[in-house]
Amino acid sequence: MMEKVLRRFFRYDHFRTGQQEIIESVLSGQDTLAILPTGGGKSICYQLPSYLQPEGLTLILSPLLSLIEDQVMQIKQRGERSVAKLTSLETREQKEQVLHQLPRLRYLYLSPEQLAVPQVKQRLADVKINLFVVDEAHCISQWGHEFRTDYAKLGHVRRQLGNPPCLALTATATKRVEQDIVEGLLLQQPNRIRHSVNRPEIQLIVDQAEQDDKDRLLEAWLKKVERPCVIYTTTRREAERIAQQITNAAYYHAGLEAEDRQLIQQQFLYDEIDCLVCTSAFGMGVNKGNVRTVIHYTMPATIEAYMQEIGRAGRDGKPSTAILLYAPGDQRLQHFLLEKQYAPSLWIDQVVEGRRRHESFETMEHRLGLDPDDPAYRLLKVQLMDGKSRSDIIDWQEARKKIRLRELMQMINYIQNTLCRRAFILHHFDETAVVQDRCCDLCGNLTEDKPIIQTEDDQLNWKRRLEEVFFSSRHSV
DNA sequence: CGCTTACTACTTACGTAGTAAGCGGTGCTGTAAT
């Protein structure tokens, strides 16, 4: 039966690994958390069940407008017309029309922010929702706490919509991320379907250097590795600077116009450019099979982010390479960026005091010179509007910073690890290490399944090392 | 916080040291009312 639907509506003869299991779980009405390798055909997992149900809507929450556009287009291309999207790109009339069509609609794509709009929520509450899908569900953990807080509220919204079954999909999730997803979506005894996050086709290399040698090192690696190649940097300026030094390269970051971003992504996709230098803005939803190399000029803030980013290599399954360049002190920028997300206690005090005097946020913004677009200030505002007190917020900030510094430490541990890079990463994702060829710079093809490095239970050591890494310049004796 | 850039001061001939200012990621968004 399922194969028949697969052939008829999706024109595939067979399911790929994991798809069937997820679909069965979805059809059983259970909450499902699925960790599938990238490019594993995730969309079929939530699109197919709809054809086996007599009526009802499939709601798909997606993090990027561009992703929503792509998905809707792909569905239409396969001949399904009962699909719509609800984003800020639609006009008021279009939105109204979509909300009017709801009872007859099969798929609705929207951003998490749209679900915070009262009218959207109300109209959706009147409709039968078969499935509540959260695509790229790691965003709940990655963005939900600080940056896009509507992600953290999806569970409550789901309750308000009659608690339809939920399917959360992602490619990479540690236990912590999994926990964030379960809590954020209020999943009830979810069926957890896990596939290994290991990407055996990608060999892992870390190259440590002095800051001044990095450009030369990058140049040397570029002579050795195959293209197409993605180079990740932390800052936009660095992405632009490095792109200039490389032939047939372009840069990509969030400071570009949406049109330019799309154009460059397309050029890279069609091999007109074979080297893309970018910030973390690049990658989500990019389906390019032949990326041979991912180089990190500077490290990301977490191992999960690192896995997401190197995961863009070798989707065609052919041998690929991930290289991370590290110079002492590289973590400081990540540390700064992390700190910058939280309001300084001065702001908290000032704004709490202003509210006590019934001053509006707008007035305070003027009086105190606060930028209403600053994410840290916006987060503070959300928390205060949610009824949080000064001490709630301070305690929460402390707890979050501690978690995130620890994640950053894990990234450093990966770099300074001396056993096996792959084993370290798999261990981080609570998987057992595997032995394989083309493994990493530390073990080559001689991988052994050994106990790996310290983990969270190494409390004392952790604190000491944290001080060493972040404060050594000031506190050295 | 730490790195880079811009400017100033002082010295002494076009250069250098010292200080101040600026910068550093990710994306969504009913936006009320004249």
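Protein chains get the first letters and strands the later ones, always in sequence-line order, with residue 1 at the start of each.
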For the pair made of [atom1] in [X] and [atom2] in [N], what is the distance, rounded to whole Å?
X      : N      : atom1 : atom2 : result
A:D374 : B:dC23 : CG    : C1'   : 14 Å
A:M299 : B:dG24 : CE    : P     : 19 Å
A:L67  : B:dT26 : CG    : P     : 16 Å
A:D371 : B:dG22 : CG    : P     : 15 Å
A:K85  : B:dC28 : NZ    : P     : 12 Å
A:E136 : B:dC28 : CD    : C1'   : 16 Å
A:L379 : B:dC28 : CG    : C1'   : 15 Å
A:R236 : B:dG24 : CZ    : C1'   : 10 Å

Taking the same atom, [atom1], in [N] and in [M], what whole-Å distance lies between them?
N      : M      : atom1 : value
B:dT26 : B:dT31 : C1'   : 24 Å
B:dC28 : B:dT5  : C1'   : 34 Å
B:dA13 : B:dT8  : P     : 22 Å
B:dC14 : B:dG18 : P     : 22 Å
B:dT16 : B:dT11 : P     : 16 Å
B:dT4  : B:dG27 : C1'   : 28 Å
B:dA17 : B:dT12 : C1'   : 15 Å

Legend entry - Heavy-atom neighbours of A:R357 CZ exceed 12 at 6.0 Å: yes
Legend entry - A:Y251 ring center near A:H253 ring center (under 6.0 Å):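 Yes, the ring of A:Y251 comes within the 6.0 Å limit of the ring of A:H253, centre to centre.
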How many angstroms lie between atom [atom1] of [X] and atom [atom2] of [Y], to the nearest 0.5 angstrom?
X      : Y      : atom1 : atom2 : result
A:E407 : A:S141 : CD    : OG    : 6.5 Å
A:Q308 : A:H138 : CD    : NE2   : 3.5 Å
A:F268 : A:C278 : CZ    : SG    : 8.0 Å
A:T293 : A:R227 : OG1   : CZ    : 9.5 Å
A:H195 : A:E431 : NE2   : CD    : 11.0 Å

Legend entry - Intra- and interstrand pairs of DNA chain B - dot-bracket, Watson-Crick/G-U under 3.5 Å, | marks other strand: ((((((((((....))))))))))..........
Inset, instruction - Ignoring backbone atoms, test whether A:R404 places a side-chain nitrogen or oxygen under 4.0 Å from the OP1 or OP2 oxygen of B:dG25. - result: no
Legend entry - B:dC3 OP1/OP2 closer than 4.0 Å to side-chain N/O of A:R332: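 Answer yes for this pair, as a side-chain N or O of A:R332 is under 4.0 Å from OP1 or OP2.
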Legend entry - Base-contact (B) and sugar-phosphate-only (S) positions in nucleotides 29-34 of chain B, heavy-atom cut-off under 4.0 Å, - elsewhere: SB----
Inset, instruction - Record whether the side chain of A:E146 comes under 3.5 Å of the base of B:dT26 through a donor-acceptor pair of N or O atoms. - result: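 Absent.
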Inset, instruction - Give one of base, sugar-phosphate or nothing for A:P118, where a contact means two heavy atoms less than 4.0 Å apart. - result: nothing
Inset, instruction - Under 4.0 Å between any heavy atoms, over every strand shown, what does A:Q341 touch: base, sugar-phosphate, or nothing? Just pick one. - result: base
Inset, instruction - Give a yes or no on whether the backbone of A:F282 and the side-chain of A:Y232 come within a donor-acceptor separation of less than 3.5 Å. - result: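 Indeed, once roles are kept as given, a pair shorter than 3.5 Å links the two residues.
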Legend entry - Contacts of A:A301 that satisfy side-chain contact (heavy atoms from CB on, under 4.5 Å) - sequence neighbours left out: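 Counting only residues at least two positions away or on another chain, A:A301 forms a side-chain contact (heavy atoms from CB on, under 4.5 Å) with A:Q334.
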Legend entry - Near-parallel close stack of A:W143 and B:dT26 base (under 5.5 Å, under 30°):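 Whether judged by distance or by angle, A:W143 falls short somewhere, so it does not stack on the base of B:dT26.
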Inset, instruction - Decide, for B:dG30, between syn and anti: a glycosidic angle within 90° of 0 counts as syn, anything else as anti. - result: syn
Inset, instruction - Go through the side-chain N and O atoms of A:Y297 and A:D215 and say whether any donor and acceptor fall under 3.5 Å apart. - result: yes
Legend entry - Among B:dC28, B:dT26, B:dC1, the one nearest A:F336 by side-chain distance: B:dC1
Legend entry - Side-chain ion pair, A:D386 and A:K153, N-O less than 4.0 Å: yes
